[in-house]
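Here the structure comes first, spelled out in structure tokens, and everything after it is commentary.
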There are 2 protein chains.
Amino acid sequence: MTARTTSAKTLGARTLGEGARDIPEATVARLPVYLRALTSLAEAGTRTCSSEDLAAAAGVNSAKLRKDLSYLGSYGTRGVGYDVDYLRYQIAREIGVTQDWPVVIVGIGNLGHALANYSGFRSRGFRVVALLDADPERHDEVVAGVDVRPFDDLEQIVTDHGVAIGVIATPALAAQDVADRMVACGITSILNFAPSVLSVPEGVDVRKVDLSIELQILAYHEQRKAQTA
Amino acid sequence: MTARTTSAKTLGARTLGEGARDIPEATVARLPVYLRALTSLAEAGTRTCSSEDLAAAAGVNSAKLRKDLSYLGSYGTRGVGYDVDYLRYQIAREIGVTQDWPVVIVGIGNLGHALANYSGFRSRGFRVVALLDADPERHDEVVAGVDVRPFDDLEQIVTDHGVAIGVIATPALAAQDVADRMVACGITSILNFAPSVLSVPEGVDVRKVDLSIELQILAYHEQRKAQTA
DNA sequence: CTCGTTTTGTTCTCGCGTTCACAAACTCCT
DNA sequence: AGGAGTTTGTGAACGCGAGAACAAAACGAG
Ligand SMILES: NC(=O)c1ccc[n+]([C@@H]2O[C@H](COP(=O)([O-])OP(=O)(O)OC[C@H]3O[C@@H](n4cnc5c(N)ncnc54)[C@H](O)[C@@H]3O)[C@@H](O)[C@H]2O)c1
Ligand SMILES: NC(=O)c1ccc[n+]([C@@H]2O[C@H](COP(=O)([O-])OP(=O)(O)OC[C@H]3O[C@@H](n4cnc5c(N)ncnc54)[C@H](O)[C@@H]3O)[C@@H](O)[C@H]2O)c1
């Protein structure tokens with residue numbers, strides 16, 4: 001995130017004449033939510049929906065939804081609404097999940113096992129091509145049909161499969177090292193579950209998922225409620 | 001989040017005369033990061049640090065850090081910096097993690113097991129008092145010293161332990177039901193790992209952690225990089 | 001005690017994101 | 001065909017957060 005925000009600022013007007021609108025970051029973060037809501041609607045047999053319907057399903061304001069979608073283009077019909085399948089495809093294309101992205105997971109402990117077993121990966125545009133761990137005792141275990149391999153195989157696997165996205169589920173102390181190795185191999189997007197601040201070169205995106213932070217934010221508000229009551 | 005953002009707007013000026021500053025949401029989200037950075041510094045033996053030092057450890061701008069801390073009060077010394085332990089305590093107190101919060105986890109599958117085994121809970125102000133699952137086959141299994149119990153025990157446990165925070169790690173279809181039951185029992189903060197939009201009454205906070213969304217955001221930027229290259 | 005140095009706390013400005021509100025565009029009914 | 005009813009797409013207003021910049025405060029040297 002750090003590297004991206006700074007570099008995104010420098011882009012400004014695009015040089016490429018076509019298909020290179022720049023979508024606000026806040027909108028990008030909501031597109032996956034819309035995509036999921038549309039999938040739900042499609043599975044329920046809905047062919048068409050209004051911005052009001054979709055906004056309700058996604059849990060956002062309908063004006064915000066319309067503005068978000070307007071960054072992609074004009075895919076709705078006034079007086080009618082949006083074609084569910086068509087809009088779903090357009091969003092998927094914009095996000096880039098019409099084809100599968102190969103992903104590696106490093107650190108196959110408690111969390112790594114859960115991630116490897118997570119079926120939502122496959123169904124939402126991602127494919128786990130390797131599970132890596134530094135501990136030899138973990139090697140050759142098969143998790144969800146993929147076998148755990150030595151961390152040193154990283155470079156080989158990344159180049160073989162053209163991996164651009166890596167997931168870190170190691171202890172916090174190892175996270176920076178793992179990130180450095182990933183970057184050295186050519187990985188340019190990292191999802192970090194370890195509670196540590198990663199520093200990466202410009203051009204590499206890092207997003208973090210931190211359970212404790214989420215809980216502490218809840219605790220803050222909870223304490224607030226208790227005080228005023 | 002939805003319920004809170006709307007209600008937070010109505011607060012405005014506090015009626016209580018003391019200790020009831022309202023801290024911006026963006027700042028609240030960063031306080032846990034500062035807390036963690038301070039803990040690292042303390043463990044490294046640092047007694048005092050400047051805003052520059054702490055900002056570097058937390059991965060933020062130093063001006064932003066100072067402004068964030070100023071919402072809590074004046075805990076630094078000009079020309080010197082911040083006392084690490086003192087500031088750490090003040091932030092912990094503001095967040096409300098000087099005492100442990102009891103937490104229940106519902107849905108002890110792949111992810112639920114990992115969460116139950118996560119040591120970061122205990123060390124950061126939270127205590128898992130119960131693991132609940134609807135599947136009888138899971139019952140009486142002991143995970144990290146806590147045994148898995150029927151979901152119907154929820155009310156009993158919540159009232160016995162005064163639980164205010166619940167974690168949902170069930171499949172998406174069950175999430176809304178679980179949330180409803182939690183709210184009915186008196187839980188007012190929910191951390192949701194299931195990929196579904198929860199609707200809860202006002203006054204209940206919901207935060208979601210969604211792996212697929214994070215990956216899809218990375219994919220979007222990744223696709224961008226590939227296009228321009 | 002005074003001056004220079006360091007670092008905080010705060011003010012000010014700018015940009016982004018959210019929301020309102022409405023004109024444009026489409027459908028359907030008569 | 002025309003008018004009434006819907007719903008999109010967007011211009012404009014507004015509020016919040018980020019960051020720069022600086023004055024106030026503490027400290028140490030002389
Ligand atoms: N378990 C959870 O629910 C949970 C929740 C939130 C965050 N986290 C974080 O996720 C991370 C993993 O948690 P966990 O509970 O799975 O821990 P774990 O100890 O069970 O697993 C860590 C794994 O990483 C491997 N590893 C260590 N160093 C490595 C290296 N340099 N290269 C490759 N592999 C390495 C270990 O061999 C181990 O298998 C931790 O940082 C933790 O704080 C975990
Ligand atoms: N596994 C992952 O890494 C991962 C990552 C991100 C999100 N998620 C999400 O987290 C959730 C759990 O994932 P998982 O892989 O652990 O699934 P899982 O199927 O392994 O576990 C789900 C558990 O919930 C229990 N359950 C079902 N209905 C229930 C109910 N009404 N009340 C109480 N318990 C109930 C089931 O018995 C099961 O034990 C899913 O929504 C998944 O999409 C999982």
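Note that these values count all heavy atoms, side chains included, but never hydrogens, waters or copies made by symmetry.
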Between [atom2] of [N] and [atom1] of [X], the distance in whole Å:
X      : N       : atom1 : atom2 : value
L65(A) : dG17(C) : CG    : P     : 17 Å
D83(B) : dC27(D) : CG    : C1'   : 16 Å
D22(A) : dC16(C) : CG    : C1'   : 12 Å
E52(B) : dA20(D) : CD    : C1'   : 13 Å

Original post:
Would you say the side chain of R78(B) and the base of dT8(C) hold a donor-acceptor pair, judged only by whether the two atoms sit under 3.5 Å apart?
Top reply: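 Counting by modelled atom types and ignoring angles, a donor-acceptor contact under 3.5 Å is found here.
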Original post:
Is there a donor and acceptor pair closer than 3.5 Å between the side chain of K67(A) and the base of dT19(C)?
Top reply: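 Indeed, a donor on one side and an acceptor on the other fall under 3.5 Å apart.
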**OP:** Answer yes or no: does a side-chain N or O of S51(A) lie under 4.0 Å from OP1 or OP2 of dT8(D)?
**Re:**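 So the side chain of S51(A) is within the cut-off, an N or O lying under 4.0 Å from OP1 or OP2 of dT8(D).
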Original post:
According to a strict under-4.0 Å criterion, is N61(A) in side-chain N/O contact with OP1 or OP2 of dC20(C)?
Top reply: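 Checking N61(A) against dC20(C): at least one side-chain N or O falls below 4.0 Å of OP1 or OP2.
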Original post:
Nearest of dG17(C), dA21(C), dT10(C) to any side-chain atom of R66(A)?
Top reply: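 Selected nucleotide: dA21(C).
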**OP:** For the side chain of E25(A), starting at C-beta, report the closest nucleotide among dG17(C), dT8(C), dT10(C).
**Re:**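 Nearest to the side chain of E25(A) among the choices is dG17(C).
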Original post:
If each of S74(B) and A26(A) is mapped to the nucleotide of DNA chain C with the nearest heavy atom, which maps nearer the 5' terminus, i.e. the 5' end?
Top reply: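 Upstream on the strand: S74(B).
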**OP:** Would you mind telling me which residue lines up with the more 5' stretch of DNA chain C, G76(B) or D68(A), judged by nearest nucleotide?
**Re:**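 Nearer the 5' end of the strand: G76(B).
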Original post:
V28(A) and side chain to side chain contact (heavy atoms under 4.5 Å, CB included): which partner among I23(A), D22(A), I95(A)?
Top reply: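 Among the candidates, only I23(A) passes.
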Original post:
Is the CZ atom of R127(B) crowded by more than 12 outside heavy atoms at less than 6.0 Å?
Top reply: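 Yes, the 6.0 Å shell around CZ holds more than 12 heavy atoms from other groups.
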Subject >> Touch class at under 4.0 angstrom, heavy-atom based, for Y71(A) against every strand present >> reply: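 Contact class for Y71(A): none.
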